[in-house]
Amino acid sequence: MTASKLDRRKKYTRMVLRDSLMQLLKEKQISAITVKELCELADINRSTFYSHYFDQYDLLDKIEDEIIEDMKGYLSQYNFEKEEDSLHMIEKLIEYFASKHEVCKTLFSEKVDTTFQQKVMVFARGVFMKNWKADNHFQEDSSEYLSTFIISGSIHAIKSWLNNNMDKTPKEMAGIINGLINRGLSK
């Protein structure tokens with residue numbers, strides 16, 4: 001068998017397992033999902049599953065890590081030098097979440113016990129701390145708290161937007177979030 005056929009088979013197997021796990025996560029917690037039921041839904045035998053992943057938690061972890069890596073690649077070209085750039089970057093981030101709507105909505109769900117939100121926060125904090133220039137009235141030692149506040153609020157706004165079936169365009173949501181970050185609730 002050629003290497004390309006094996007690669008296609010591996011890709012297919014991983015895709016089917018990812019899709020099956022995401023389908024099951026819409027119904028129940030990861031702790032209630034068994035490898036057996038995952039394999040039955042994916043129509044994959046258990047030995048094939050174990051040749052790719054240790055268990056359902058490993059599969060979930062890999063899905064989350066792939067999304068974070070994909071997000072990093074997608075957003076690596078943007079920075080927060082000027083307010084217009086931050087607006088554009090937030091819009092691109094929201095567009096990314098929109099393109100992965102079902103997966104992100106599932107992983108962000110309050111019913112699903114995943115580490116995805118924490119991974120997004122760590123990623124966003126890295127971008128925030130590296131690129132965002134806080135106003136001069138914020139003390140250097142308060143920047144961690146400020147970033148936590150802004151990132152948590154932004155993630156919850158995006159979660160709400162995903163749960164509301166993306167009732168605003170990514171550009172509108174970016175404007176709302178960017179306005180709150182830069183001007184707060186006062187305007």
Side-chain angles (χ1 to χ4, degrees), residues 15-33 41 59-135 145-187:
M15 178 194 70
V16 171
L17 287 169
R18 281 192 310 261
D19 292 348
S20 297
L21 181 61
M22 295 312 298
Q23 185 177 338
L24 290 169
L25 283 173
K26 290 178 183 178
E27 302 164 16
K28 52 182 142 181
Q29 294 281 338
I30 186 73
S31 59
I33 297 171
L41 183 60
L59 172 56
L60 178 59
D61 191 50
K62 299 285 191 293
I63 292 169
E64 293 172 349
D65 290 347
E66 283 175 19
I67 291 172
I68 297 299
E69 285 304 311
D70 193 32
M71 215 178 347
K72 284 179 184 176
Y74 186 75
L75 297 176
S76 64
Q77 60 201 342
Y78 304 103
N79 61 42
F80 287 121
E81 296 284 321
K82 299 177 287 198
E83 185 174 333
E84 304 84 52
D85 291 339
S86 67
L87 176 63
H88 188 64
M89 197 289 221
I90 293 168
E91 183 179 351
K92 290 296 178 190
L93 178 63
I94 293 171
E95 286 174 1
Y96 178 83
F97 283 124
S99 75
K100 306 269 188 204
H101 173 255
E102 284 301 315
V103 171
C104 291
K105 183 177 176 181
T106 301
L107 292 176
F108 274 139
S109 172
E110 301 299 326
K111 295 184 290 185
V112 177
D113 182 27
T114 72
T115 58
F116 184 63
Q117 184 169 321
Q118 185 62 33
K119 289 178 181 182
V120 171
M121 287 192 69
V122 168
F123 165 71
R125 179 173 283 120
V127 171
F128 179 87
M129 296 304 279
K130 179 180 169 195
N131 296 313
W132 191 66
K133 308 295 185 223
D135 291 335
Y145 298 110
L146 177 62
S147 70
T148 299
F149 181 80
I150 290 170
I151 293 163
S152 294
S154 298
I155 287 172
H156 284 282
I158 292 169
K159 282 171 56 172
S160 179
W161 175 71
L162 290 169
N163 289 328
N164 287 328
N165 294 316
M166 301 180 299
D167 58 347
K168 299 197 178 305
T169 67
K171 187 173 189 137
E172 291 170 327
M173 278 306 296
I176 291 168
I177 291 170
N178 195 57
L180 290 170
I181 290 170
N182 290 304
R183 289 178 288 286
L185 298 172
S186 62
K187 291 186 180 183

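Scope of the values below: all heavy atoms of this structure, side chains included, with no hydrogens, waters or symmetry mates. Quantities reported herein were computed from a predicted structural model and do not represent experimental measurements.
Atoms NZ and OG1, on K100 and T106 in that order, are 13.0 Å from each other to the nearest 0.5 Å. Distance check, rounded to the nearest 0.5 Å: SG of C104 to CE of M22 gives 8.0 Å. Rounding to the nearest 0.5 angstrom, the gap separating the CG atom in L180 from the CD1 atom in I176 is 8.0 Å. Between the CZ atom of R125 and the CD1 atom of I150 there is a distance of 11.0 Å, given to the nearest 0.5 Å. Distance check: I33 CD1 to L41 CG gives 9.5 Å after rounding to the nearest 0.5 Å. Atom OG in S147 sits 11.0 Å away from atom CD1 in I181 (nearest 0.5 Å).
Taking the side chain to side chain donor-acceptor pair (under 3.5 Å) definition, one finds that Q23 meets it with nothing, sequence neighbours left out. Legend: residues meeting side chain to side chain donor-acceptor pair (under 3.5 Å) with K159, ordered by chain and number and at least two apart, are E110, Q117. Listed by chain and number, the residues in a side chain to side chain donor-acceptor pair (under 3.5 Å) with K26 are E102 (sequence neighbours excluded). Y96 is linked by a ring-ring contact (aromatic ring centres under 6.0 Å, His included) to Y74, counting only residues two or more places apart in sequence or in another chain. S99 pairs by the side chain to side chain donor-acceptor pair (under 3.5 Å) definition with nothing, not counting sequence neighbours. In this structure F116 satisfies the ring-ring contact (aromatic ring centres under 6.0 Å, His included) test together with F108, sequence neighbours excluded.
When all heavy atoms are compared, the tightest approach of E95 to P170 is CG-CB, 3.6 Å. Nearest heavy atoms, A174 versus I94: N-CD1, 3.5 Å. Residues I151 and A124 share a closest heavy-atom pair of CD1-C, 3.7 Å. Scanning all heavy atoms of the two residues, the minimum distance from F97 to M71 falls at CZ-SD, 3.9 Å. Among all heavy-atom pairs drawn from L17 and L59, the shortest one is O-CD2, 3.7 Å.
Side-chain contact between N165 and K105 is present, with heavy atoms from C-beta onward closer than 4.5 Å.
With respect to L107, the side-chain contact (heavy atoms from CB on, under 4.5 Å) criterion is satisfied by exactly one of L60, T115, V120: L60.
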